[in-house]
2 protein chains.
Amino acid sequence: MKDFIHQNKVYYSPVEFAMAHIGGVWKIPIIVSLRTSGLRYGELKDRIAHISDKMLITQLRELEEKGMVSRTIYREKPPRVDYQLSEKGIQALPVIDLLASYGQVLMQTADIKYK
Amino acid sequence: MKDFIHQNKVYYSPVEFAMAHIGGVWKIPIIVSLRTSGLRYGELKDRIAHISDKMLITQLRELEEKGMVSRTIYREKPPRVDYQLSEKGIQALPVIDLLASYGQVLMQTADIKYK
DNA sequence: CTGGATCCTGTAAGATACTG
DNA sequence: CAGTATCTTACAGGATCCAG
């Protein structure tokens, strides 16, 4: 029995635990956008197509809570908030890259149409 | 614009496409269980803790439809059905392994309790 | 043994409008 | 600029019972 509990949620495997950190529709696009540099809220919103304010802010908060992303507030005017990848977030990049290349392999043999 | 369409669903990135093939709670446990050999329905059910008949069969059907798993029926009595990984499914294994090791790294710095 | 059928619920995610 | 607040919808997943 290797089930375990973290923050009142039961996980059945390390993979499921990893998925809690990078899964869902928006976490990976956010992490990838922060790969090369920290960005502020509006910059993230511009870079991630289709994302709404609600999803951007809730996913950022979850990533922050899990220690994947850190947030720096500069009390200027207008206000400025900067998001950066933390160590855990940086460690996710190789995993995401492999997922991306696997996705590309799958796309080669799939019936794909572009808009 | 790199959005694309596959089977009437819009995807925003290769990663999202990959996730459609291995994402959710049960697809990875199923794929991992089939890593070393084909298994029949009941063997899968025994090996995958907590899974219900409904989730096992629906996820197997989805994996089959996506070409990740193949299904062989032996018309014996009692009936016998064998599931094996296809080429696409085998290609997913390195990705899953990396996800697992990332999950283990995350677990080392997390506050985990065992049941 | 290998599934199917139904009903139900929780949560992710979308739409839209508003605010310090 | 950087978020909030509601309302609503979609779908994954759970529970239970049934069937060839």
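Since we're looking at a predicted model, the values are computed, not measured. Order of the sequence lines fixes the chain letters, A, B, ..., with proteins taken first and strands second; residue numbering starts at 1 for each chain.
Contact check, B:Y83 against C:dG3: a side-chain N or O comes under 4.0 Å of OP1 or OP2. Note on B:R71: a side-chain N or O is less than 4.0 Å away from OP1 or OP2 of C:dG3. Between B:R40 and C:dT2 there is a side-chain polar atom (N or O) within less than 4.0 angstrom of OP1 or OP2. Put simply, B:Y74 has no side-chain N or O that comes within less than 4.0 Å of OP1 or OP2 on C:dT2. Side-chain N/O atoms of B:R61 include one lying less than 4.0 angstrom from OP1 or OP2 on C:dG3.
The side chain of B:I57 has C:dG3 as its nearest neighbour among C:dG3, D:dA2, C:dT2. Between C:dG3, D:dC1, D:dG3, one nucleotide has an atom nearer to the side chain of A:P78 than all others, and that is D:dC1.
Note that NZ of A:K88 is 6.0 Å distant from CG of B:L106, once rounded to the nearest 0.5 Å. Taking CZ from A:R47 and CG from A:L39, the interatomic distance works out to 4.5 Å, rounded to the nearest 0.5 Å. How far CD1 of B:I30 is from CD1 of B:I51: 4.5 Å, rounded to the nearest 0.5 Å. With rounding to the nearest 0.5 Å, the separation of OH in B:Y114 from CD1 in A:I5 is 11.0 Å. Here CG of A:L44 is found 12.5 Å from CD of A:Q59. Values are rounded to the nearest 0.5 Å.
Atom CE in B:M19 sits roughly 15 Å away from atom P in D:dA12 (whole-Å rounding). Atoms CD1 (B:I73) and C1' (C:dC1) sit 13 Å apart, rounded to a whole Å. In this entry the distance linking OH of A:Y41 with P of C:dT19 reads 17 Å, nearest Å. A:L56 has its CG atom 15 Å from the P atom of C:dA15, to the nearest Å. Straight-line distance from the CG atom of A:L44 to the P atom of D:dG3: 10 Å, rounded to whole Å. Counting to the nearest Å, the C1' atom of D:dC1 and the CG atom of A:L60 are 14 Å from each other. We find that CG of A:L39 is positioned 15 Å from C1' of D:dC1, with the value rounded to whole Å. Distance CG (B:D82) to P (C:dC1): 15 Å, rounded to an integer number of Å.
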Under 3.5 Å, which N/O atoms of the protein pair with N/O atoms of nucleotides 9-13 of chain C?
residue : atom : partner : partner atom : Å
C:dA13  : OP1  : A:V25   : N            : 2.9
C:dA13  : N7   : A:K54   : NZ           : 3.2
C:dA13  : N6   : A:K54   : NZ           : 3.3

Protein-nucleic acid N or O pairs under 3.5 Å, nucleotides 18-20 of chain D:
none

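Under the 3.5 Å distance criterion, the side-chain polar atoms of B:K45 are left unmatched by any main-chain donor or acceptor of B:L56.
The two atoms that bring A:R40 and A:P79 nearest to each other are NH2-O, 3.6 Å, heavy atoms only.
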Criterion side-chain contact (heavy atoms from CB on, under 4.5 Å) on A:M55 and A:I48, from CA distance to verdict: CA-CA 11 Å; A:M55 292 319 294; A:I48 303 173; over 6 Å; no
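Each of B:H21, B:M68, B:E62 was compared with B:K27 under the side-chain contact (heavy atoms from CB on, under 4.5 Å) criterion, and only B:E62 meets it.
Other residues, nucleotides and ligands place more than 12 heavy atoms under 6.0 Å from the NZ atom of A:K9.
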